[in-house]
Amino acid sequence: MKYLVLARVAMLNFTVNLAKKAGEYLRENFGKELNVEHKGRIDLVTQIDRNSQDMIVGDIERKYPLHSIIAEEGVNRASGHDYTWFVDPLDGTVNYVHGIPFFSVSLGIFKDMRPYIGVCYNPISGDLFSAQTGKGAFRNGKKIMVSKTSLLVDSLIVTGFPYSLARLDDSMMRFTRILREVQGIRRFGSAALDLCFVAAGSFDGFWEVGLHPWDLAAGVVVLLEAGGRASGLSGEGFDPHRGDILASNGRIHSDLMRLM
Ligand code: IPD
Ligand code: CA
Ligand code: CA
């Protein structure tokens with residue numbers, strides 16, 4: 001038992017250091033001229049995303065060679081091990097490319113497909129969010145909690161728009177429906193940080209469709225540990241592979257669900 005606790009603390013420290021290392025690389029290259037490629041019509045990738053990922057995946061493989069790793073830029077190594085790493089080496093590539101300092105390194109670990117460790121780091125603001133199941137969530141070492149807002153009219157919500165046009169109309173209908181009932185809606189461009197800011201109580205809720213496990217895993221661990229709730233849009237149990245997410249402080253969850 002004691003060994004497991006120590007191993008988990010070591011894993012959290014390793015993950016924090018890895019996020020800082022990759023984040024420092026992103027920071028050093030932020031604002032430099034980039035060679036931007038398109039994975040889809042508006043879905044971008046740069047050599048910086050790839051280098052950041054190589055750095056992260058290489059270090060995980062050396063330290064935990066048996067673990068499964070699913071990383072955005074083409075790594076999908078399902079080893080069947082209890083531990084799965086979900087790696088987004090740069091969450092907020094569009095912001096990064098446009099010189100907007102809102103992006104993150106997002107590292108989530110699930111054990112037996114359940115939330116275990118989450119770390120999101122914005123190297124520009126220096127915000128480091130971290131959590132391990134059962135031990136609370138932290139922003140730069142200080143404990144964070146979700147907001148106590150219970151009325152939609154007082155709620156500030158954050159969202160993102162899908163890259164796929166097929167889901168755009170639905171998203172816009174939801175957007176209008178929700179906007180009529182809440183204080184406001186923001187769109188910042190890093191799903192991982194969006195979730196962390198719900199965890200920290202700045203936002204009261206978040207929803208987005210068509211995401212990937214690497215966008216969600218780390219932020220969901222942080223959110224749950226800060227007392228929040230994550231589910232599918234209709235309230236079904238959170239599954240990082242499902243990609244549609246409703247997240248909140250818990251108190252406004254059912255009201256948001258009704259509007260989804
Ligand atoms: C994107 C960001 C954005 C969200 C997109 C994601 P990327 O991730 O999280 O906030 O709206 O759906 O794909 O492509 O910058 O890693
Ligand atoms: Ca992402
Ligand atoms: Ca990314």
Side-chain angles (χ1 to χ4, degrees), residues 18-19 22-23 25-27 29-30 34-57 69-76 85-108 118-125 127 129 157-168 170-172 174-175 178 185-199 202-203 205-223 230 232-233 240-247:
L18 198 50
Y25 173 75
L26 299 183
R27 197 186 60 74
N29 288 283
F30 182 57
L34 296 168
N35 189 8
V36 181
E37 294 165 45
H38 285 249
K39 292 193 281 186
R41 190 182 64 90
I42 52 169
D43 192 358
L44 310 180
V45 64
T46 70
Q47 195 53 43
I48 304 297
D49 298 65
R50 295 204 182 95
N51 294 346
S52 172
Q53 177 165 303
D54 289 348
M55 192 184 287
I56 294 166
V57 170
I69 306 175
I70 297 179
E72 179 168 11
E73 310 309 337
V75 171
N76 189 342
W85 291 73
F86 296 105
V87 174
D88 195 332
L90 168 46
D91 186 51
T93 299
V94 172
N95 282 347
Y96 194 84
V97 164
H98 286 265
I100 298 167
F102 195 82
F103 54 84
S104 59
V105 176
S106 172
L107 304 175
V119 174
C120 298
Y121 180 51
N122 176 344
I124 305 297
S125 66
D127 271 323
F129 295 91
I157 308 297
V158 64
T159 189
F161 305 122
Y163 287 137
S164 154
L165 291 182
R167 303 204 63 189
L168 197 56
D170 270 6
S171 291
M172 293 321 290
R174 240 174 243 128
F175 191 94
I178 293 166
I185 303 182
R186 302 287 184 265
R187 196 296 191 229
F188 279 105
S190 164
L193 287 176
D194 294 342
L195 283 162
C196 291
F197 279 101
V198 179
S202 304
F203 294 122
F206 165 71
W207 93 93
E208 185 165 346
V209 299
L211 288 168
H212 298 279
W214 48 78
D215 300 310
L216 295 172
V220 163
V221 182
V222 175
L223 173 73
L233 300 189
H241 293 281
R242 205 176 287 125
D244 294 0
I245 184 171
L246 172 61

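Remember, it's a predicted structure, so these values are computed and weren't measured experimentally. Note: hydrogens, waters and symmetry copies are ignored here, and every other heavy atom, side chains too, is used. One-based numbering, in listed order, for ligands and for the atoms of each. Residue numbers run from 1 in the order of the sequence given.
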Report summary line: ligand 1 to G189, heavy atom cutoff 4.0 Å, flagged ligand atoms 2 (C), 3 (C), 10 (O)

Requested in this report: Please identify which atoms of ligand 1 are closer than 4.0 Å to at least one heavy atom of D91.
Outcome: 1 (C), 2 (C), 7 (P), 8 (O), 9 (O), 15 (O), 16 (O)

Quick check: does any side chain N or O of [X] sit under 3.5 Å from a backbone N or O of [Y], one acting as donor and the other as acceptor?
X: S106; Y: D88; value: no
X: S52; Y: A22; value: no
X: S171; Y: R167; value: yes
X: D215; Y: H212; value: yes

Report task. Please report which non-hydrogen protein atom sits nearest to atom 5 (C) of ligand 1, along with the residue it belongs to and the distance in Å to one decimal place. Result -> E208 OE2, 3.4 Å

Requested in this report: Could you tell me how the ring of F129 sits relative to the ring of F197: parallel (under 30°), tilted (30 to 60°) or perpendicular (over 60°)?
Outcome: perpendicular

Considering both backbone and side-chain atoms of [X], is one of its nitrogen or oxygen atoms within less than 3.5 Å of a nitrogen or oxygen in ligand 1?
X: G92; result: yes
X: A191; result: yes
X: L90; result: yes
X: L211; result: no

Query raised in the report: Measuring from the heavy atoms of R187, does anything fall under 4.0 Å of ligand 1?
Result: yes

Query raised in the report: Is T159 near ligand 1, meaning one of its heavy atoms is under 4.0 Å from it?
Result: no

Requested in this report: Have a look around the Ca ion (ligand 2) and list protein N/O/S atoms under 3.0 Å, or say none.
Outcome: D88 OD2, D91 OD1, D215 OD1

Query - Qualifying side chain to side chain donor-acceptor pair (under 3.5 Å) pairs with a residue from residues 90-103, counting only residues at least two apart or across chains - result: D49-T93, D91-S190

Report task. Could you pull out all residues at least two apart from R50 that satisfy side chain to side chain contact (heavy atoms under 4.5 Å, CB included)? Result -> E37, V45, Q47

Report summary line: Residue set satisfying side chain to side chain contact (heavy atoms under 4.5 Å, CB included) with P123, at least two apart, ordered chain then number -> L26, R27, F103, Y121

